[in-house]
Amino acid sequence: MNPGYISYWILTIMAILVFTGWWKWLADDVRPRHIVILGAGCLALSHLYVPLDFIGGNLGEISISVCWLAMWAIGIIAIRPSDGSLQRFYLFVAALLSALMGGWLRMLYTNDPVLIVMHATADSAILIGFTASISALSCASLLFSVVTLASILEPLLVVELMPSISAKPVTLGSLAWWDSYLLAWFTARAVVLIARAVRVVAAKWFTRTAGEREGGT
C-alpha cells in the first residue's frame, strides 16, 4: 500500500461526515474554525523539517507540522480550566502508555513477523488508538491530544529501544507517519462512539425492562 493512501480515505470520510451534518459525532466540543486553523497550519508547514539531533543521536527529522500538532495537543491539556494537575498528569501518562503499547507491538512484529495481522504500522496505530480510547477519554479534544502525543512518541521510543528495527532514521511527518497518526485517531474515535452507542442501547433496555417489571407487579 502506497504511503498516503490511508490518510486520503480517512480525510475523505471525515469531510463527508462534516458536510452531511455529523460534525458533533466527529468532533464533539471542537469548533470548526479550530480545525480549519489546525489543518491550514499542517499544510503550510508540512514541507519544513528540522533534525532530531537535540534529543541525542541520529534519530531522524521531524516536520514542523508535527510540532504544530504537538503544540496544540499540549496546549489543550494545559489550558482546560476544569482539569486539575492530577488530571493533566494522567493525560500525559495515557499518551505515554499508548505509545508504549504501539511500540511494543511493532517490536514484537519485528522479532516474529508471522504474528502480523494486517501491517506492522497499521496494527500499531490501531493499538495506539484503542489504548487511548479506553483511557476514559470521551472528549474529542482530549482524545486528539493523547493520540497526537502518543503517535509522536511511539516511533522515537521504538528507535531508542530497538535501533535495529529500521535501517534509516525515522521521519515524523512523512506520508507513512500521517497514515499511522490518522488511523490511530480514527480508531480511537470509532471506539468511543461505539461505546456510547452500546451505553445508550443498554440504558434503554434496562429502563424498558424495569418498566415491564413494575407494570407486571
Side-chain angles (χ1 to χ4, degrees), residues 7 10-11 13-15 17-19 21-50 52 54-55 59 61-103 125 127-157 172-173 177-178 180-196 199:
S7 298
I10 291 178
L11 291 174
I13 293 172
M14 290 172 60
L17 292 175
V18 169
F19 290 116
W22 292 86
W23 174 263
K24 288 296 183 181
W25 284 86
L26 182 66
D28 281 344
D29 57 335
V30 182
R31 297 178 180 178
R33 62 186 179 91
H34 291 163
I35 298 294
V36 172
I37 296 173
L38 180 64
C42 289
L43 287 175
L45 302 172
S46 60
H47 297 291
L48 301 175
Y49 289 85
V50 294
L52 289 169
F54 60 90
I55 298 179
L59 293 181
E61 58 185 3
I62 181 172
S63 172
I64 301 298
S65 62
V66 178
C67 298
W68 174 249
L69 282 175
M71 184 184 70
W72 275 73
I74 296 173
I76 289 172
I77 296 176
I79 66 176
R80 286 183 66 86
S82 59
D83 297 332
S85 300
L86 184 60
Q87 177 68 11
R88 294 188 181 97
F89 175 75
Y90 168 77
L91 293 173
F92 286 112
V93 171
L96 179 59
L97 176 62
S98 301
L100 287 173
M101 291 298 293
L127 184 58
I128 289 175
F130 181 78
T131 306
S133 66
I134 63 175
S135 301
L137 300 172
S138 58
C139 176
S141 59
L142 294 181
L143 194 62
F144 159 79
S145 296
V146 172
V147 171
T148 298
L149 295 177
S151 298
I152 295 172
L153 289 173
E154 184 263 339
L156 299 178
L157 289 173
L172 299 180
W177 183 87
W178 280 104
S180 176
Y181 169 64
L182 290 175
L183 183 58
W185 185 89
F186 186 83
T187 301
R189 192 63 185 154
V191 171
V192 169
L193 293 179
I194 292 172
R196 286 183 185 176
R199 183 169 55 189

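Index from 1, following the sequence. Heavy atoms only: backbone and side chains are in, while hydrogens, waters and symmetry mates are out. Since this is a predicted model, take the numbers as computed values, not measurements.
Separating the CZ atom in Arg189 from the CD1 atom in Ile194 is a distance of 11.5 Å, to the nearest 0.5 Å. Rounding to the nearest 0.5 angstrom, the gap separating the CD1 atom in Ile10 from the CG atom in Leu183 is 5.0 Å. Note that OG of Ser133 is 10.5 Å distant from CG of Leu193, once rounded to the nearest 0.5 Å. The structure places CG of Leu38 at 9.0 Å from CE of Met71, a figure rounded to the nearest 0.5 Å. Here Ile79 contributes atom CD1 and Arg88 contributes atom CZ; the two are 9.5 Å apart, rounded to the nearest 0.5 Å. Taken from CH2 in Trp177 to CG in Leu182, the straight-line distance is 8.0 Å, to the nearest 0.5 Å.
For Thr148, the side chain to side chain donor-acceptor pair (under 3.5 Å) test picks out Tyr181, with sequence neighbours left out. For Ser7, the side chain to side chain donor-acceptor pair (under 3.5 Å) partners two or more places apart in sequence, or in a different chain, are Asp179.
A donor-acceptor pair is defined here as one N or O able to donate and one able to accept, closer than 3.5 Å; such a pair exists between the side chain of Ser46 and the backbone of Leu43.
Nearest heavy atom pair, residue Ile76 against residue Phe144, reads CD1-CD2, 3.7 Å. Taking every heavy atom of both residues into account, Trp68 and Leu45 meet most closely at CB-CD1, 4.0 Å. The two residues Gly102 and Ile128 have their closest heavy-atom pair at CA-CG1, 3.8 Å. For the pair Leu127 and Met101, the tightest heavy-atom approach, listed with the atom from each and the gap, is CD2-O, 3.3 Å. Between Thr131 and Ser98 the shortest heavy-atom distance is CG2-OG, 3.6 Å. In terms of heavy-atom proximity, Ala188 sits nearest to Gly129 at CB-O, 3.2 Å.
Leu91 is not listed as a side-chain neighbour of Ser145, based on a closest heavy-atom distance of 4.5 Å or more. Using a 4.5 Å heavy-atom cutoff, the side chains of Phe92 and Leu96 are not in contact.
For OH of Tyr49, the number of neighbouring non-hydrogen atoms (other residues, nucleotides, ligands) closer than 6.0 Å is greater than 12.
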- Task: Report the C-alpha distance between Trp178 and Ser65 in whole Å, list the side-chain angles of each, state the deciding distance to 0.1 Å, and finish with yes or no for side-chain contact (heavy atoms from CB on, under 4.5 Å).
- Result: CA-CA 11 Å; Trp178 280 104; Ser65 62; 3.8 Å; yes

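Sorted pairs that involve residues 30-40 and meet side-chain hydrogen bond (donor to acceptor under 3.5 Å, both in side chains), not counting sequence neighbours, are lacking altogether.
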